[in-house]
Amino acid sequence: MKRKRISIPEIHDFSLPTVLKSSAKFVLLFKQTILIWCLVNFAFIYLFKLIPNGWTDSLSILWLVAYYIYWSVFIRYILQHKPYFSLIRIFNGLIPASKIMFINISIYIILVVVPYIPLLMGFRDKYLEFFESYMGILQSNDTLSGKAMFYGIMILLSPYTIARPYLALISSFVGKSRSIIDSYKKTHGYYWRFVSCSIVMSSLFALSFYIDTKYKIDTITYVMTFFLIYFNIVFINIYKCFYKRKPKAKQSSQ
């Protein structure tokens, strides 16, 4: 009995419904393998919750490094690039990964710091009321308006801060271009499709967060366990739309 080969079928155009459907079919086809990856992912998420002070603890750095390696192996495995564990590709991926962190930190700083500039320039009388309202909403993490404003902005920026840079990260893991600019060029004209993808992804996590808050239960861990796997497969599918594998040259018979 032949073992089923892990392989995501080619999709020739980035259509979100097609990509979501193809990814779901892939998960169902290889459900036993995906279950193993989900269990390992659950262990990582659970271990992070055991770190006493979260991101402020030095242990979180070790956890982050291990988790980064986990995803690099996962991506190479799904794309069938052997060996699945490759130190060279792991180090190559550090460049786009660090750029993703830099871009998102920069965006956050811009959202928080830039509104102060008109005040420093002397526009106090007309601008102060707007500034106080803006900062009040942005800093009100417990209010619906604050969350909606912050996540709405991040979703609109996501094609530039997460989606396209993540395609460059996937590309670097398999030995192709690690340039984020190259990723922007390849995906030019698909901005709203990436925004739609971010809306779908964010809505599932937002729903889980709402359920946890309202009913005082913890579903987010289980949601992240599966959907982080699923949406990585979605992005691998999107990656295959734009980064086509070159066909191997046929060897002529002697």
I need the minimum non-hydrogen distance between [X] and [Y], along with the two atoms involved.
X    : Y    : answer
V234 : C197 : CG1-SG, 4.4 Å
R76  : Y84  : CD-O, 3.3 Å
S158 : S198 : OG-OG, 2.6 Å
G93  : S172 : CA-OG, 3.2 Å
T187 : S183 : OG1-O, 2.8 Å
P165 : P159 : CD-O, 3.9 Å

- Query: Counting N and O atoms only, with roles assigned by atom type, does the side chain of S202 sit under 3.5 Å from a partner on the main chain of I199, one being a donor and the other an acceptor?
  - Reply: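 Between the backbone of I199 and the side chain of S202 there is no qualifying donor-acceptor contact (under 3.5 Å).
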
- Query: For P83, does its backbone N or O pair with a side-chain atom of S86 as donor and acceptor, under 3.5 Å?
  - Reply: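 The answer is no, because no donor-acceptor pair under 3.5 Å joins these two groups.
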
- Query: Got a sec: does the CD1 of I181 have more than 12 other heavy atoms crowding it under 6.0 Å?
  - Reply: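 Atom CD1 in I181 is not crowded, with 12 or fewer foreign heavy atoms closer than 6.0 Å.
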
- Does a sphere of radius 6.0 Å around CD1 in I88 hold more than 12 heavy atoms from other residues, nucleotides or ligands, not counting ones at 6.0 Å or beyond?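 No, not enclosed.
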
With the side chain counted from C-beta on, respond yes when [X] and [Y] share a heavy-atom pair under 4.5 Å apart, and no when they do not.
X    : Y    : result
I107 : M154 : yes
Y230 : I34  : no
F74  : L79  : no

What about [X] and [Y], same hydrophobic cluster or not, with Ile/Leu/Val/Met/Phe/Trp/Tyr joined at side-chain heavy-atom distances under 4.5 Å?
X    : Y   : answer
F102 : Y68 : no
L228 : F30 : yes
F26  : L35 : no
I61  : L59 : no
I233 : I45 : yes

Supply the atom-to-atom distance [X] [atom1] to [Y] [atom2], rounded to the nearest 0.5 angstrom.
X    : Y    : atom1 : atom2 : answer
N104 : I109 : CG    : CD1   : 11.0 Å
L64  : F44  : CG    : CZ    : 10.5 Å
Y191 : R164 : OH    : CZ    : 9.0 Å
I78  : S23  : CD1   : OG    : 10.5 Å
F227 : L204 : CZ    : CG    : 4.5 Å
S177 : L167 : OG    : CG    : 11.0 Å

- Should F85 and I90 be marked as a side chain to side chain contact (heavy atoms under 4.5 Å, CB included) after you check the CA-CA gap, both sets of side-chain angles, and the distance that decides it? CA-CA 8 Å; F85 178 84; I90 288 170; 3.6 Å; yes

Could you tell me how the ring of [X] sits relative to the ring of [Y]: parallel (under 30°), tilted (30 to 60°) or perpendicular (over 60°)?
X    : Y    : result
F14  : Y190 : parallel
W37  : Y77  : tilted
Y243 : Y239 : parallel

- Task: Could you list the residues that satisfy side-chain contact (heavy atoms from CB on, under 4.5 Å) with F91, not counting sequence neighbours?
- Result: L87, L94

- Task: For the pair Y166 and N232, evaluate side chain to side chain contact (heavy atoms under 4.5 Å, CB included) and give the outcome as yes or no after the intermediate values.
- Result: CA-CA 10 Å; Y166 197 66; N232 265 276; 2.4 Å; yes

- Query: Going through the distances and angles, do Y222 and F42 end up as a ring pair (Phe, Tyr, Trp, His ring centres under 6.0 Å)?
  - Reply: CA-CA 7 Å; Y222 303 100; F42 174 81; 5.8 Å; yes

- Selection residues 39-53 - residue pairs positive for side chain to side chain donor-acceptor pair (under 3.5 Å), sequence neighbours left out: N41-Y67, K49-D218, K49-T221

